[in-house]
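As structure tokens, the structure follows; a few thoughts come after it.
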Amino acid sequence: MAPVKVPDSRWIRRYRKYLICGLGIMCVQVLLAYVFFSLDSDNVGTISEPRDVSGKRRLNVEAFNEDPNGAASSRRFKENYLALDDEDIPMNALFNRHKVPPDKTSNRQAGSSVTKSANVPSASVTRTGVSSVNKTVLRLEELDFIPLCEISNKEAVSAIHRAKTQLCKQEIANTTCLINDSSLYPKTLKMSCPLTKGITPGKSLGCFKDEKNLRRLNGYSVTLKTTNSPEHCINICLQSGFPYAGVQYSVECFCGNNRPESSSRLPDSSCNMKCPADPRKACGGYYTINVYQTGIPKFTPQVPSASPLRNEPSARVAYLLTLNGRGVRQVRRLFKTLYHQDHFFYIHVDARQDYLFRELLVLETQFPNVKLARKRYATIWGGASLLQMLLSSMTYLLSTDWKWDFVINLSESDFPIKSNTQLVKFLTANKQYNFVKSHGREAQRFIQKQGLDKSFVECEAHMWRIGNRQLPWGIQIDGGSDWVALSRTFVAFVTSSEQDDLVEGLLTVFKRTLLPAESFFHTILRNSKFCDTYVDNNLHVTNWKRRLGCKCQYQHVVDWCGCSPNVFKVDDWSRLQSTEQRQLYFARKFDPTISQLVIDKVEEWLYGATPSNLQSKLSYWQSVYNYLDLSPQADDGLLTVSASLARHASHKVENGDSSCSLKVLKVLEVTSYFHNDSYKGSLVRFEATQSSTQEILELETWVSPISQFNIIRKNQVTIRLKSLLISSEYDMKEQMSRNFLRVLGPFSDPVLVATLESNATGAISNNMTFLWIDPTGQLAEVSEMHIEYGHLVGYVKPSLQSPLLPGVWDVRLVRNGTVWARVQFLVSPLEIMSGVPITQQQTGFVHSGPGAPYKHAHLAGEWDPLLGSTVTSRLAAERKALANARRFGQDLLQWIDGLTQRFYSVVDTCVSTSSYAKLQASSCASNWGLEPCVATMWSSFTPDPKSKIMEMDFNTGGLKRW
């Protein structure tokens, strides 16, 4: 038998200290692990996570040491929210369904392709690449006023420093000080909704036994480590719209719609844990819960009637049309479809849209029941000015002698999907109701999604986020869509000059709220004497496509991320058809620059087929610029290129005949032309003098961009590009550029859009590298693009220094060290600067490029073989660019014309009706061969019955359609 080897005791004594230390460290680690998992269990596990019928976890927002609508953990909020949706939806797409602050998103959440984001990070980046925390110290030397208080809130400090004007900075500072002083917002508001018999606010129902897998109150739950108490939990549940509140396990608050069964009642002594906020009171126990009434009944929206009572007078509608943009033809088409002699139309055109206001003024002289607002607001997405505009317009409607029963707000993107007769019949049967659409989710989730727990200040056409806030207790918070149909009595209540405390308090709150119109009317309805008139239906169907519409939009006007519906297309027709038997009367969004065919189908669905010989049935025109416009200011690049194209057209008309030359005087209008849902080019209307007679003629020319896209390596199975184009004004939601003419100037922000073939989503690699090469052959930028699986369109916005060097730029698609495709684009020199001819001093600055080395210049050696130029050619190009920057006057115009001729073609030219007679009297008429514009199929003068306001149809009370 082998001897047993005994350890040497000297070895144990020598290393005893190390052994003891090691055992001690291990014990500490075990203890820390135990504490960690205990905390996690306390925060999550002790409250069973509510699940729906499918077993999926529902939202369970947790706030740590704060109220849920003030400072919930964004990390926990994100994790719980992601469990709500379908498993096949990407996580980033799910999170972006929230209207969240821009500093909570990443580049991958910003769109279908990974681009270089222009977002300002919440922490600065040092040269070593390590983030450092921003200091929240207000730099007083930048202000020409002394703030009323010490401002240390980092969001307020950031907003003050980012604001451009001292007036805006001071408004942000003053609002912040009022909030800090707790003198701005009301702490509580009182409901005036009649109490239901048997319901007493704050009444205790007793102590009940609870179960982990079957909660007595399962509507909403939150952990309040330091603020939990019966009163506080009741406030939260009341705010969330629940009739019952319960406290449990000292720190847990539950809300529910149903009263616990009497069989689960326990002696009060079973609920014996103290409340953190008030140790004198009990906050339940271990799976025991104290339950209270919040003071409101379970909310049940009213169900509208289908048919009116006999002899009930027909309802009259006051349409509040809130319009923006330049789509005057679509607005006329909408008006023609809505019009009835018994209805009224109050039209508010955005204060910056001079063209649309000017074009619609004639409606006032044609119809006695139409009025355009003279008090106009410059509204922005999500802005407080939207609510101001609605309330101001409603106040005016009440002041008129128009006898209306409902006000319905619509935009230029709305269109009716049922006839006037159907709408009037429905509204006549439901004159006592108000129609709004609720969010349909937990109120606390809605509050955080909308940013209602944040304060915002609107100035400089921007919504500045300035910090957290506490919403008033004592009322329910509701919201959803800002498109509503409200009764006259309710409108009179919310706009009354003798407002009650509820309306006055909510006006204070929503004046500093993001998207106020989406919650203001809903919240007043739920808490006022009109609470029993609430119908959860705003009569609209909306084309929501969350994956496309929620890509953190509108950051240029709000410190938040926004979602927006998509435009209906012909592919969405089945969704519109499905509304036939539902109480839905309007749909949005429609945009004829994207799809006019679906609008045609809606009209035919409602009123029958259009005449087969209808001229311009498939065409649509939309003005981009008009010389009479006062605002917004025209783009200098557009004015320059359109003037150059007018000169091209005049030279083409002359056809080499010097005796019949034309001299362009000015561009009158630029119009985008579409046919069969496809952009066909732009129409430049201009004035020119005829040299022989000195007569001023008005002509219009059709121009079209020339494609500069080329595939270098064809027949490759790994990539199937349909097109590459460079433009600006990229619409992530619709995956297209709205700069149809692709005009880019030195101060433009180019965007590259890549489109794949429809069969290219299978075995294809969608990672792409693009080299941006300036007119001198230098590498200006290297961009990476990834088109997600299942998508056909991707985009990338390069970080190019401004001003861009004018001339021909080259973008090359590189894969595996080889150029696969390329696209060229024009950065046009400017003939016009700020609306007036450019000066010689300005040309030297504007046309010289950025004046600093490109940030990717150090990579030129790596990519040099693919740039397509040599050192010698680049030096020659630099000398030429330097000479071009000095061009002025006629020399400058020749440079511009030479460039535009390469990128645009003149398709056709016509002459206006007023000038056609002058031309016919001229000897040049036969040489030019121009036809009158009204006789063409493409001109903006072409008759367009779809958008023409016809005379009255006395049989229907509406307007004749054709």
Side-chain angles (χ1 to χ4, degrees), residues 326 328-329 332 355 358-363 365-366 611 613-617 619-629 639 642-675 680-704 897 904-951 962:
R326 302 182 66 88
V328 66
R329 294 183 187 236
R332 289 186 186 131
Y355 171 79
R358 191 174 64 249
E359 291 291 317
L360 295 177
L361 266 179
V362 67
L363 294 178
T365 61
Q366 292 178 298
N613 61 344
L614 182 66
Q615 191 177 12
S616 68
K617 175 183 178 180
S619 299
Y620 179 73
W621 297 264
Q622 184 156 306
S623 173
V624 178
Y625 162 78
N626 187 289
Y627 78 105
L628 294 175
D629 293 348
L639 293 179
S642 57
S644 176
L645 295 175
R647 291 192 291 270
H648 284 317
S650 63
H651 294 328
K652 191 172 181 179
V653 167
E654 294 166 4
N655 198 22
D657 187 351
S658 58
S659 62
C660 291
S661 62
L662 286 169
K663 181 182 179 181
V664 176
L665 297 179
K666 65 178 177 181
V667 173
L668 301 176
E669 189 164 20
V670 180
T671 304
S672 296
Y673 169 50
F674 305 85
H675 185 79
K680 295 300 182 182
S682 292
L683 312 177
V684 180
R685 182 165 63 90
F686 62 97
E687 282 184 348
T689 55
Q690 183 182 350
S691 59
S692 59
T693 63
Q694 294 301 305
E695 288 280 3
I696 298 179
L697 303 177
E698 184 178 338
L699 297 95
E700 187 168 55
T701 187
W702 174 10
V703 299
S704 178
D897 291 350
Y904 299 93
S905 64
V906 174
V907 182
D908 201 355
T909 302
C910 63
V911 63
S912 70
T913 302
S914 59
S915 298
Y916 188 69
K918 299 178 184 178
L919 180 61
Q920 290 303 106
S922 167
S923 60
C924 298
S926 58
N927 294 341
W928 290 352
L930 295 178
E931 60 180 332
C933 291
V934 293
T936 71
M937 293 296 294
W938 55 265
S939 171
S940 63
F941 292 99
T942 302
D944 184 17
K946 303 186 303 298
S947 301
K948 184 178 179 180
I949 304 297
M950 304 289 187
E951 64 270 16
W962 313 113

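Throughout, residue positions are numbered sequentially from 1 according to the sequence presented.
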Does Lys918 NZ have over 12 foreign heavy atoms under 6.0 Å away?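 Yes, the 6.0 Å shell around NZ holds more than 12 heavy atoms from other groups.
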
Closest non-hydrogen atom pair between [X] and [Y], with its separation:
X: Ser682; Y: Val670; answer: CB-CG1, 4.5 Å
X: Glu359; Y: Val328; answer: CB-CG2, 3.6 Å
X: Tyr673; Y: Met937; answer: OH-O, 3.6 Å

Can you find a heavy atom in the side chain of [X] that is under 4.5 Å from one in the side chain of [Y]?
X: Val667; Y: Val684; result: yes
X: Cys660; Y: Glu654; result: no
X: Phe941; Y: Glu700; result: yes
X: Trp702; Y: Lys680; result: yes
X: Glu698; Y: Arg685; result: yes
X: Val906; Y: His651; result: no
X: Arg358; Y: Leu628; result: yes
X: Ser915; Y: Leu699; result: no

From [X] atom [atom1] to [Y] atom [atom2], the distance as rounded to the nearest 0.5 Å:
X: Trp928; Y: Ser650; atom1: CH2; atom2: OG; result: 9.0 Å
X: Ser619; Y: His675; atom1: OG; atom2: NE2; result: 5.0 Å
X: Leu645; Y: Ser905; atom1: CG; atom2: OG; result: 9.5 Å
X: Gln690; Y: Leu662; atom1: CD; atom2: CG; result: 6.5 Å
X: Leu930; Y: Thr909; atom1: CG; atom2: OG1; result: 6.5 Å
X: Leu683; Y: Thr701; atom1: CG; atom2: OG1; result: 8.5 Å

For the pair Arg332 and Asp944, find out whether any cationic side-chain nitrogen is under 4.0 Å from an anionic carboxylate oxygen.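 Not counted as a salt bridge, because no side-chain N and carboxylate O are separated by less than 4.0 Å.
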
What do the steps show when you test Tyr355 against Ser623 for side-chain contact (heavy atoms from CB on, under 4.5 Å), and what is the final call? CA-CA 9 Å; Tyr355 171 79; Ser623 173; 3.4 Å; yes

Trp938 and Cys910: side-chain contact (heavy atoms from CB on, under 4.5 Å), yes or no, with the steps? CA-CA 10 Å; Trp938 55 265; Cys910 63; 3.5 Å; yes

Using atom types as modelled and distance alone, determine if a side-chain donor or acceptor of Ser704 lies under 3.5 Å from a backbone N or O of Gly681.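 Such a contact is absent between Ser704 side chain and Gly681 backbone.
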
With respect to Trp621, which candidate in Ser939, Ser672, Ser940 satisfies the side-chain contact (heavy atoms from CB on, under 4.5 Å) definition?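 It is Ser940, the one option of Ser939, Ser672, Ser940 that forms the side-chain contact (heavy atoms from CB on, under 4.5 Å) with Trp621.
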
